[in-house]
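Before any comments, here is the structure.
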Amino acid sequence: MQRFNFPVVQPDPALEELRGELQAFLKEEREAGNFRPEPECWMASADPEFSKKMGKRGWIGLTWSSQYGGHDKSALERYIVTEETLRSGAPVGAHWIADRQHAPMLLAHGTEEQKLDILPRIAAGECYFAIGLSEPGAGSDLANVKTKAEKVAEGWKINGQKIWSSGAHISHYMVALLRTSPADGRNRHIGLSQIMIDLSLPGVTIKPIVDLSGDAHFNEVYFEDVIVPDDCLLGEEGGGWKQVTGELAMERSGPERFLSSYITLETALYQLSGKMGSDSHARLGKLIASLRTLKGMSWGIANLLSQGVSPETEAALVKDLGNRLENDLTQQVRAMLNDLPTEDWSPDMRRIMNIGVLRSPPNTLRGGTTEVMRGITARQLGLR
Amino acid sequence: MINTEGMVAETATKIYTDLCDREVPHKAEAGEYPQALWDALAENGLPLAWVSEANGGFGADHDEVFGAIWASAQAASPVPFAETLIANWMLDRAGLAPADGSASFALSGHTPSADIPFGMHADKIVLFDEAHHEISLFDNRVAVRSPEEALSPDGMTQFVFSGHVAEQSAKTDLSRRAFEALILTVRAVQMAAAMESALNLSIDYVTQREQFGRPLSKFQAIQQQLAVAASECAAATMAAKQAASAIARHSDDPEQAWHEAVIAKVQIGHSVEAVTVPFHQVHGAMGYTQEYDLHHYTRRLWAWRDALGNEFHWSKRLGEALAVTSPDQIWKGVTTGQWIAS
Ligand SMILES: Cc1cc2nc3c(=O)[nH]c(=O)nc-3n(C[C@H](O)[C@H](O)[C@H](O)COP(=O)(O)OP(=O)(O)OC[C@H]3O[C@@H](n4cnc5c(N)ncnc54)[C@H](O)[C@@H]3O)c2cc1C
């Protein structure tokens with residue numbers, strides 16, 4: 001008996017063809033100076049022009065049907081696209097969340113009109129979404145959300161505030177977790193719903209928050225008597241909690257949980273070519289062993305997800321291990337670069353290393369903190 | 001894969017369940033060798049599972065043999081089951097008949113002697129001599145056997161090959177890397193299985209033991225420690241499964257599975273500290289006793305971590321092998337498991 005469910009999936013040559021096409025495109029774009037590679041590119045590096053190019057090539061919206069602008073491809077093909085774009089540190093931040101999270105959500109819960117209107121724009125790389133879970137008083141304790149949606153004649157009236165909403169300043173919509181009826185006694189999971197909000201509506205104010213490096217990619221979002229039509233309620237009224245936890249399993253196990261800083265390692269490999277000492281060899285060997293193992297775990301989950309199975313604990317394990325690995329990777333590469341005098345580092349190496357260090361704190365926070373992931377695992381172990 | 005459901009795996013599991021309850025490893029350490037357990041394995045032909053049919057074995061599917069090894073490690077097998085499987089596979093790959101009885105193995109290093117796991121119990125020793133591309137079979141019963149200092153309850157002896165005449169020898173066309181790949185993979189499977197058993201013991205313990213008026217499992221500090229250990233166990237199992245799959249895919253030329261096997265060795269070797277520390281910590285003083293079962297797993301984990309070179313040695317070897325390939329090839333390996341043999 002094995003406690004956790006991580007199937008091993010054999011290599012698939014068809015997927016490798018797609019990988020080759022992506023590699024060629026990304027190389028060309030990078031060499032043409034159309035982007036500068038960065039760690040954490042899926043979060044902090046957004047370029048709508050680049051997103052449109054990805055859309056034109058058919059690399060957004062792979063999984064949904066052509067009726068809605070998609071490409072009728074599998075989740076595994078989508079996985080290859082995410083993997084390759086992360087590896088090259090490409091500016092995919094604008095469309096990432098909509099493609100990963102909200103398009104599947106609309107397919108499951110949207111009206112026909114919404115699907116026909118929004119999904120093709122997402123697939124074209126022209127329509128972006130923000131995640132509206134966190135609030136000033138609801139971080140790890142997500143069930144504590146206070147932002148309210150009240151039933152009114154025209155639909156839902158929204159009042160309150162969200163915070164840390166990545167990319168909201170460039171997004172067209174937010175899907176927010178809102179309180180649509182009071183909690184039932186101590187059960188705070190009741191009465192929460194997911195509502196899609198057009199961020200261009202009157203009453204919406206978006207204020208970027210500057211991070212410690214001086215960049216601003218997440219935001220405070222205020223709602224003051226914002227009215228959205230009835231059909232913006234996604235899924236069941238009061239079913240928000242269950243929907244959100246299902247969504248998080250997918251969000252937590254993808255390659256962005258362990259490959260965000262791979263670009264730092266790869267840049268260093270070019271720098272260190274032929275100059276690596278034995279200590280660096282050992283660090284490289286250990287990093288690659290961990291990366292390969294996590295790929296196996298994450299890929300196993302991707303295959304389960306594509307069969308409709310959504311393993312929450314396994315996803316939490318991947319996020320916890322993957323986040324630790326990402327932070328460790330930056331540290332190990334810093335040590336490996338000891339083999340080379342700093343004056344020999346290329347400007348790209350310096351820039352990427354600095355960004356890698358500055359962007360390391362959020363790895364173990366966003367998408368649920370390490371402590372919360374371990375709580376999920378502890379529950380599976382029967383300890384809670 | 002590690003298939004725990006096939007015939008071979010199920011037979012092994014049944015034998016271990018029936019004949020290796022929790023008292024057996026304790027008694028074995030006290031000097032009461034579980035001959036009945038070994039006899040049952042042998043009567044069912046399990047030590048020949050990896051020997052080709054032409055050579056008198058039953059050429060079982062690799063996945064299932066790994067499943068049998070998984071079961072033996074979870075039972076803290078005090079008999080050289082995995083060692084005999086490896087030794088017989090080595091003999092088979094040189095066209096030699098399988099060992100009569102139990103066996104252990106060695107790869108030739110720089111010295112003409114080797115540390116032999118289960119050296120006090122194995123009837124035969126199989127050696128791969130890299131310099132001469134030769135597999136040799138030695139009779140261990142005629143050797144002067146004295147136990148060496150060993151971390152593992154399975155014990156270890158020194159075998160000095162130069163004073164001995166081989167019973168049989170034959171050339172093999174397999175490389176050292178091919179033998180390393182299989183041996184490291186078997187150890188990885190054993191280690192992942194032992195980790196999971198030790199995790200299960202730890203969970204049982206903290207849910208039963210009460211302090212401050214409630215079970216230890218209700219304390220967040222305990223939950224978080226075991227959750228971290230569980231994540232390391234899950235990673236270990238994945239690493240072992242990937243290595244096992246690579247061996248199954250490349251059964252004709254195990255050298256092709258070398259990278260995945262070394263990755264498993266490195267990944268799991270580095271996890272040993274990360275799991276054995278919390279396992280012992282949450283058990284308090286009880287886990288430090290001879291009487292309790294935890295050490296059957298943790299001592300083996302510490303020993304297997306060092307066997308054939310520790311995690312630092314293999315991290316370096318893997319890094320050296322990768323440093324001479326291109327970043328593109330490294331990426332290909334990470335994403336697909338297809339490594340260019342270098
Ligand atoms: C870069 C970035 C992007 C983000 N993007 C988004 C986004 O797009 N949309 C969105 O909704 N949110 C987003 N977030 C918010 C993120 O999900 C939260 O930061 C996270 O859930 C933690 O909440 P918090 O920051 O309020 O920390 P807190 O919940 O206040 O936690 C602080 C510390 O206490 C620990 N802690 C809290 N509760 C417990 C407990 N019960 N047991 C043990 N330890 C505990 C936490 O693990 C953490 O270490 C983003 C965050 C970052 C950093």
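Being a predicted model, the structure only gives us computed values, none of them experimental.
Ion pairing between Lys27(A) and Asp328(B) fails under the 4.0 Å rule for side-chain N and carboxylate O. The residues Glu260(B) and Arg292(A) are annotated as salt-bridged, a charged nitrogen and a carboxylate oxygen being separated by less than 4.0 angstrom.
Residues Glu320(B) and Leu284(A) form no side-chain contact, since every pair of their non-hydrogen atoms from C-beta on lies 4.5 Å or further apart. Looking at Gln2(A) and Ile2(B), their side chains come closer than 4.5 Å, going by heavy atoms from C-beta outward.
Note that CH2 of Trp331(B) is 8.5 Å distant from OG of Ser88(A), once rounded to the nearest 0.5 Å. For the atom pair OG of Ser326(B) and OH of Tyr270(A), the computed distance is 6.5 Å after rounding to the nearest 0.5 Å. Note that CD1 of Ile330(B) is 7.5 Å distant from CG of Leu265(A), once rounded to the nearest 0.5 Å. Between the CG atom of Leu291(A) and the CD atom of Gln267(B) there is a distance of 9.5 Å, given to the nearest 0.5 Å. The CE atom of Met238(B) sits 12.5 Å away from the CZ atom of Phe4(A) when rounded to the nearest 0.5 Å.
Interface residue Thr237(B): only side-chain heavy atoms are found under 4.5 Å from chain A. Within the 4.5 angstrom heavy-atom criterion, only side-chain atoms of Leu259(A), from C-beta onward, approach chain B. When heavy atoms are compared at a cutoff of 4.5 Å, Ile268(B) does not approach chain A at all. Contact annotation for Thr335(B): both backbone and side-chain heavy atoms come within less than 4.5 Å of a heavy atom of chain A. Interface remark: Val334(B) contributes backbone and side-chain atoms alike to the contact with chain A (heavy atom separation under 4.5 Å). Contact annotation for Arg317(B): neither backbone nor side-chain heavy atoms come within less than 4.5 Å of a heavy atom of chain A.
Per-residue heavy-atom pair counts under 4.5 Å with chain A were compared for His313(B), Lys218(B), Lys332(B), Glu5(B), and the maximum is reached by Lys218(B). Across Ser290(A), Gly285(A), Pro255(A), the residue that shares the most heavy-atom pairs under 4.5 angstrom with chain B is Gly285(A). Residue with the most contacts toward chain B among Met276(A), Glu266(A), Gln23(A), Lys295(A): Lys295(A) (heavy-atom pairs, distance under 4.5 Å). Ranked by heavy-atom pairs shorter than 4.5 Å toward chain B, the options Leu317(A), Thr370(A), Val8(A) are led by Val8(A). Of the listed residues (Ala193(B), Ser217(B), Cys233(B)), the greatest number of heavy-atom pairs within a distance under 4.5 Å of chain A belongs to Ser217(B). No other option in Arg283(A), Glu314(A), His281(A) has as many heavy-atom pairs under 4.5 Å with chain B as His281(A). Comparing Ala227(B), Ala264(B), Ala323(B) by how many heavy-atom pairs each has under 4.5 Å with chain A, the most go to Ala227(B). Annotation: maximal heavy-atom pairing with chain A below 4.5 Å, among Ala244(B), Ala246(B), Pro215(B), Ala230(B), occurs at Ala230(B). Most heavy-atom pairs under 4.5 Å with chain B: of the set Arg87(A), Arg324(A), Lys286(A), this distinction falls to Arg87(A).
Crowding of Arg176(B) atom CZ: a count of heavy atoms from other residues, nucleotides or ligands under 6.0 Å exceeding 12. No more than 12 heavy atoms of other residues, nucleotides or ligands sit less than 6.0 Å from atom NZ of Lys14(B).
For the residue pair Asp320(A) and Ser231(B), the shortest heavy atom distance occurs at OD2-OG, 4.4 Å.
Between the side chains of Trp299(A) and Gln242(B), no donor-acceptor pair of N or O atoms lies under 3.5 Å.
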Between Glu232(B) and Leu321(A), does the side-chain contact (heavy atoms from CB on, under 4.5 Å) criterion hold? Intermediate values first, please.
CA-CA 8 Å; Glu232(B) 296 287 343; Leu321(A) 286 164; 4.2 Å; yes
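Close approach to chain B, defined as a heavy atom under 4.5 Å from one of its heavy atoms, is seen in Arg374(A), Gly375(A), Thr377(A), Ala378(A), Leu381(A), Gly382(A), Leu383(A), Arg384(A) of residues 373-384 of chain A, taken by number.
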